[in-house]
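Contents: one structure, followed by commentary.
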Amino acid sequence: MNGQFVRLGRLIGEENVRSLFSRSVAVCGIGAVGGHALETLARCGIGHIKVVDFDTIEESNINRQILALHSTVGMLKTDVAVQRVRDINPDCSITAMPVYISEENIESIFEGIDLVLDCIDSLSSKVSLLEAAYRHGIPAISSMGAALRRDSSLVRTGDIFDTFGCPLAREVRSMLRKRGVGRGIEAVFSPEKIRFDYIDPEEDDEAEADPTGKRKRRVLGSLPTVTAVFGITMAELALRKLLAPGTLDAES
């Protein structure tokens with residue numbers, strides 16, 4: 001086995017590692033949460049990864065996004081992701097989709113995919129992606145709100161319909177129910193009560209343009225510790241779904 005994966009093989013067995021070489025995962029949204037999920041999956045030898053993100057890297061991303069460096073500011077996140085994953089694992093087949101997820105392109109995300117990670121911060125795109133995964137019968141793991149949280153020890157996992165204490169999760173649950181989506185989507189969330197001082201985006205000098213360019217969106221404070229835990233937890237859930245049952249269970 002490639003020496004790069006020796007330590008992983010000694011933990012979960014070479015056969016399990018080789019099984020990861022044949023698996024395909026789509027990571028939708030490769031910012032603060034998605035970037036860390038992507039990094040972990042690449043280091044675990046996932047054979048094919050599809051990265052979906054329309055955005056470019058900005059200086060304000062550097063505090064928490066693993067793809068964001070002074071040398072990558074202004075670049076497409078997908079371009080940086082492709083370069084980084086190939087540097088981590090040259091044998092990984094990585095496909096870039098530098099698009100804003102919409103009804104027009106959503107079907108192409110699921111072609112040849114075993115699992116999808118939803119790390120999107122746009123509510124409409126998030127719900128559309130989760131609904132499509134549910135309809136296709138493709139396992140999905142979804143990140144709820146990681147911004148504005150301060151305590152990474154409160155990060156939890158569970159079915160999306162069992163989440164609580166997260167305003168984003170409440171909206172997502174409501175919209176999924178209206179679309180007839182049932183249980184079975186795993187989520188990473190935090191019930192931490194958030195403190196938020198609202199600033200009108202139109203009056204905020206640091207507000208960012210939304211994907212349509214028609215309005216501004218809020219810039220929410222976030223910690224690299226919390227967003228990293230969200231992303232790494234998503235990657236671990238993904239590995240549990242991709243590997244044989246019990247492979248990652250702790251010894252009793």
Side-chain angles (χ1 to χ4, degrees), residues 2-5 7-8 20 24-101 105 109 116-122 125-126 143 145-150 152 155 188 201 204-213 216-236 238-239:
N2 185 326
Q4 173 176 349
F5 300 105
R7 290 178 181 267
L8 184 60
L20 294 177
S24 299
V25 178
V27 183
C28 300
I30 47 175
V33 174
H36 280 281
L38 172 67
E39 177 92 1
T40 304
L41 294 176
R43 291 183 183 276
C44 288
I46 299 299
H48 176 72
I49 300 175
K50 187 177 291 187
V51 288
V52 187
D53 200 308
F54 72 96
D55 215 350
T56 56
I57 292 172
E58 300 182 7
E59 188 177 23
S60 64
N61 300 151
I62 295 174
N63 83 305
R64 69 204 185 284
Q65 296 189 18
I66 199 165
L67 298 177
L69 307 167
H70 285 283
S71 61
T72 62
V73 169
M75 296 175 64
L76 279 169
K77 289 180 181 179
T78 50
D79 286 349
V80 179
V82 167
Q83 180 179 334
R84 187 174 180 89
V85 169
R86 286 177 176 164
D87 208 17
I88 292 171
N89 179 15
D91 293 326
C92 178
S93 171
I94 182 164
T95 302
M97 289 183 62
V99 299
Y100 179 73
I101 295 175
N105 57 38
I109 294 171
V116 62
L117 300 189
D118 157 41
C119 310
I120 307 168
D121 58 10
S122 166
S125 293
K126 177 181 286 288
S143 172
L148 303 175
R149 276 75 180 178
R150 303 163 188 252
S152 60
V155 176
V188 179
D204 184 357
D205 292 337
E206 296 179 342
E208 301 169 344
D210 80 342
T212 67
K216 292 183 176 182
R217 58 185 178 183
R218 295 172 298 179
V219 175
L220 302 178
S222 64
L223 276 174
T225 50
V226 175
T227 52
V229 169
F230 264 73
I232 292 169
T233 301
M234 291 189 78
E236 183 176 326
L239 292 172

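Everything numeric here is computed off the predicted structure, so don't read it as measured data.
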- Task: Check the pair Arg84 / Ile88 against side chain to side chain contact (heavy atoms under 4.5 Å, CB included), numbers first and verdict last.
- Result: CA-CA 6 Å; Arg84 187 174 180 89; Ile88 292 171; 4.1 Å; yes
- Evaluate the side-chain proximity of Lys77 to Asn61: yes if any heavy-atom separation is below 4.5 Å, no if none is. yes
- Candidate pair Leu69 and Val80, rule side chain to side chain contact (heavy atoms under 4.5 Å, CB included), full reasoning: CA-CA 10 Å; Leu69 307 167; Val80 179; over 6 Å; no
- Message: Under the rule for side-chain contact (heavy atoms from CB on, under 4.5 Å), what residues qualify as partners of Ala228, not counting sequence neighbours?
- Response: His36
- Query: To the nearest 0.5 Å, how far apart are CG in Leu220 and CG in Leu148?
  - Reply: 5.0 Å
- Task: Quick one: which residue pairs count as a side chain to side chain donor-acceptor pair (under 3.5 Å) with a foot in residues 220-234, not counting sequence neighbours?
- Result: Arg64-Ser222
- Task: Could you check Leu38 against Ile49 for side chain to side chain contact (heavy atoms under 4.5 Å, CB included), going step by step and ending with a plain yes or no?
- Result: CA-CA 8 Å; Leu38 172 67; Ile49 300 175; 3.6 Å; yes
- Query: Looking at Ser122 and Tyr100, what are the two nearest heavy atoms and their distance?
  - Reply: OG-OH, 3.1 Å
- Message: Please enumerate all residues that pass side-chain contact (heavy atoms from CB on, under 4.5 Å) together with Asp91, with sequence neighbours excluded.
- Response: Asn2, Asn89
- Crowded around Gln4 CD? As in, over 12 foreign heavy atoms under 6.0 Å? yes
- Query: If we only count heavy atoms from C-beta on, is the Ile62 to His70 side-chain gap below 4.5 Å?
  - Reply: yes
- By side chain to side chain donor-acceptor pair (under 3.5 Å) - contacts of Thr56 (at least two apart): none
- Task: Compare every heavy atom of Gly34 with every heavy atom of Cys119, then report the nearest pair and how far apart it is.
- Result: SG-CA, 3.5 Å
- Message: I'd like to check the side-chain contact (heavy atoms from CB on, under 4.5 Å) partners of Asn105; sequence neighbours left out, ordered by chain and number.
- Response: Val99, Ile101, Ser102, Ser108
- Message: Just verifying a value: how many Å separate Ile94 CD1 and Arg86 CZ, rounded to the nearest 0.5 Å?
- Response: 7.0 Å
- Task: Please examine the side chains of Leu20 and Leu239, heavy atoms only from C-beta on, and report whether any two atoms are closer than 4.5 Å.
- Result: yes
- Item | Heavy-atom pair of closest approach, residues Thr72 and Leu67 | OG1-O, 3.0 Å
- Check salt bridge (Lys or Arg N to Asp or Glu O under 4.0 Å) between Arg43 and all other residues, then give those that pass, not counting sequence neighbours. Glu39
- Note on the structure: Rounding to 0.5 Å, atoms CD1 (Ile120) and CD1 (Ile30) come to a distance of 11.5 Å
- Residues at least two apart in sequence or cross-chain that pass side chain to side chain donor-acceptor pair (under 3.5 Å) with Ser152, listed by chain then number, are none
- Query: If you look at every heavy atom in Ser143 and Lys126, which pair is closest and at what distance?
  - Reply: O-NZ, 2.7 Å
- Item | Minimum-distance pair of heavy atoms, taken over all atoms of Asn63 and Pro224 | O-CB, 3.2 Å
- Task: Among residues two or more places apart or on two chains, list those pairs meeting salt bridge (charged side-chain N to carboxylate O under 4.0 Å, His left out) that have a residue in residues 25-34.
- Result: none
- Query: Any idea which heavy atoms bring Val188 and Phe230 closest together, and the distance?
  - Reply: O-CE2, 3.4 Å
- Here the side chain to side chain donor-acceptor pair (under 3.5 Å) pairs for residues 44-54, sequence neighbours left out, are His48-Ser93
